[in-house]
Amino acid sequence: MEIAELAVPRPVAPGRRAAPARRAARELLLVATLFLLYKVARMAVAGRVSTALANGESIWHMERLLHLPDESAVQHPLLAYDLVAHLANGYYAYVHFPATVLTLVWLYLRHPAHYLWTRRVLACLTAGALALHLLVPLAPPRLTALTGLVDTGRRFGPTVYGPPDTDTLSNQYAAMPSLHVGWALAVAVALVAVTRGRLRWLWLAHPLVTLLVVVATGNHYWLDGVAVALMLGVVHLVLPTPAERPAREGERDLSPPALRTRAR
C-alpha cells in the first residue's frame, strides 16, 4: 500500500505550472520594450534634416570612391515587376521584428544560454545604433535626390512610412546603421551557433536577403549594412558565444525549470 502511494505523482501547484509562462511573457515584454525604446529614441534625434541630406550625399560619394555597387543597379530591375517590388516592401515591413521574436522564443525554449547571449547582443547593438544616429543623422537613398532612387514603398506598397515632413511616428533620417540588417545578422549568427550540419549556414540567407531588400527599396546604403556588421563584430568580441553544457554537480543550473525537468 505504501509503495502504491509513493508511485502516485504529486500534483503540481498552479503557481509552479504558470511560472514558465510568466517568465516567457516577461522576456517577450523585454524585447518589445527594447524595440519601442529604440523607436522613441530615434524620434528624439529627429529634426536635423539638412544635415541628414548632406550626409546622404557624402555617403553616396564615399561609396563611389570605394567602388561599391551603385544602389540604383539593384533597384532598377525591381521597378519593372510590381509583384516583386511589393514582396520586397512586404519583407522590409513585416519580417524584421517577427523573425527576431520567433528566433528569441525558440532560443529561450531550446537553448537558454544562447538566448541570454543573443538578447544581450541585440541590446548592445541597438544602443550602439542609437549613439550613431545621434552622431550621424543620415537621409536614406530614397530621400536623397542625388542617388536617383525612388521610394518603392510609396509607389508599390506596402509602406511603413508617411511623408517625411509630416511623419510623427518615425525618424526617417536615421539610416546609419541599418538595424534591419543588424538584427537579421545577429539572429542568423545565433542560429548557426546552435544548429549542426553544413545546412546551418543557410541561416545567413536571412541577413543577405535583408541587405538586398533594404538597398533595393531605397531605405539604406550599402555602408549602412557594413557599419552595422562592424558594430556586431565588436559586440561579439565583448560578449563571446556561450558554450552550453550540462551543469556539473555543485554548479547552479541557470536554464528554465521546465528544461531542467525535461533533461532529467
Side-chain angles (χ1 to χ4, degrees), residues 27-49 51-52 54-56 58-60 62-63 66 68 92 95-101 103-104 107-108 113-141 143 160-161 169-193 203-204 206-215 219-242:
E27 294 294 338
L28 184 60
L29 180 61
L30 284 172
V31 175
T33 301
L34 172 66
F35 183 74
L36 290 175
L37 286 175
Y38 166 71
K39 298 292 286 186
V40 171
R42 276 172 58 103
M43 289 302 301
V45 300
R48 300 162 65 185
V49 177
T51 302
N55 287 339
S58 297
I59 290 293
W60 177 261
M62 184 182 301
E63 288 187 338
L66 294 173
L68 291 177
Y92 179 84
V95 174
H96 170 55
F97 188 66
T100 305
V101 170
T103 300
L104 288 173
L107 290 173
Y108 176 81
H114 278 82
Y115 162 76
L116 291 174
W117 170 68
T118 304
R119 191 187 71 184
R120 291 166 184 163
V121 166
L122 292 175
C124 292
L125 185 63
T126 303
L130 288 175
L132 195 53
H133 291 161
L134 285 167
L135 294 172
V136 187
L138 180 66
L143 297 179
V160 294
Y161 303 116
L169 297 178
S170 60
N171 174 19
Q172 299 186 42
Y173 297 98
M176 173 75 78
S178 170
L179 275 190
H180 270 72
V181 175
W183 282 27
L185 186 56
V187 299
V189 169
L191 291 172
V192 168
W203 293 118
L204 295 176
H206 175 43
L208 178 59
V209 172
T210 300
L211 176 61
L212 292 176
V213 163
V214 300
V215 170
N219 284 292
H220 286 285
Y221 302 91
W222 295 114
L223 285 179
D224 297 337
V226 172
V228 82
L230 293 174
M231 291 173 63
L232 184 61
V234 172
V235 172
H236 280 173
L237 290 176
V238 177
L239 300 173
T241 308

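All of these numbers come straight from a predicted model, not from anything done at the bench.
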S.K.: Verify the distance criterion only: is there a donor paired with an acceptor across the side chains of Trp183 and Thr126 at less than 3.5 Å?
M.R.: yes
S.K.: Got His220 and Pro140 here, is their nearest side-chain heavy-atom distance under 4.5 Å?
M.R.: no
S.K.: Just wondering, do Leu211 and Trp222 contact through their side chains at under 4.5 Å, heavy atoms?
M.R.: yes
S.K.: Hey, are the side chains of Val235 and Arg120 touching, using non-hydrogen atoms and a 4.5 Å cut-off?
M.R.: no
S.K.: Parallel, tilted or perpendicular: which one describes the rings of His180 and Tyr92, with boundaries at 30° and 60°?
M.R.: parallel
S.K.: For Gln172, run the side-chain contact (heavy atoms from CB on, under 4.5 Å) check against Val49, Val160, Asn219, Leu143 and tell me which one passes.
M.R.: Leu143
S.K.: Using the side-chain contact (heavy atoms from CB on, under 4.5 Å) definition, which of the options Leu237, Val181, Leu185 pairs with Leu232?
M.R.: Leu185
S.K.: Taking the side chain as everything from C-beta on, heavy atoms only, tell me whether Leu239 gets closer than 4.5 Å to Cys124.
M.R.: yes
S.K.: Is the closest side-chain heavy-atom distance between Leu132 and Leu138 below 4.5 Å?
M.R.: no
S.K.: For the side chain of His133 and the backbone of Ala174, is there at least one donor-acceptor N/O pair under 3.5 Å apart?
M.R.: yes
S.K.: Just so I know, are the side chains of Thr118 and Thr103 near enough to count as touching, which here means a heavy-atom distance under 4.5 Å?
M.R.: no
S.K.: Ignoring hydrogens and angles, tell me if any N or O in the side chain of Glu63 forms a donor-acceptor pair with the backbone of Tyr221 under 3.5 Å.
M.R.: no
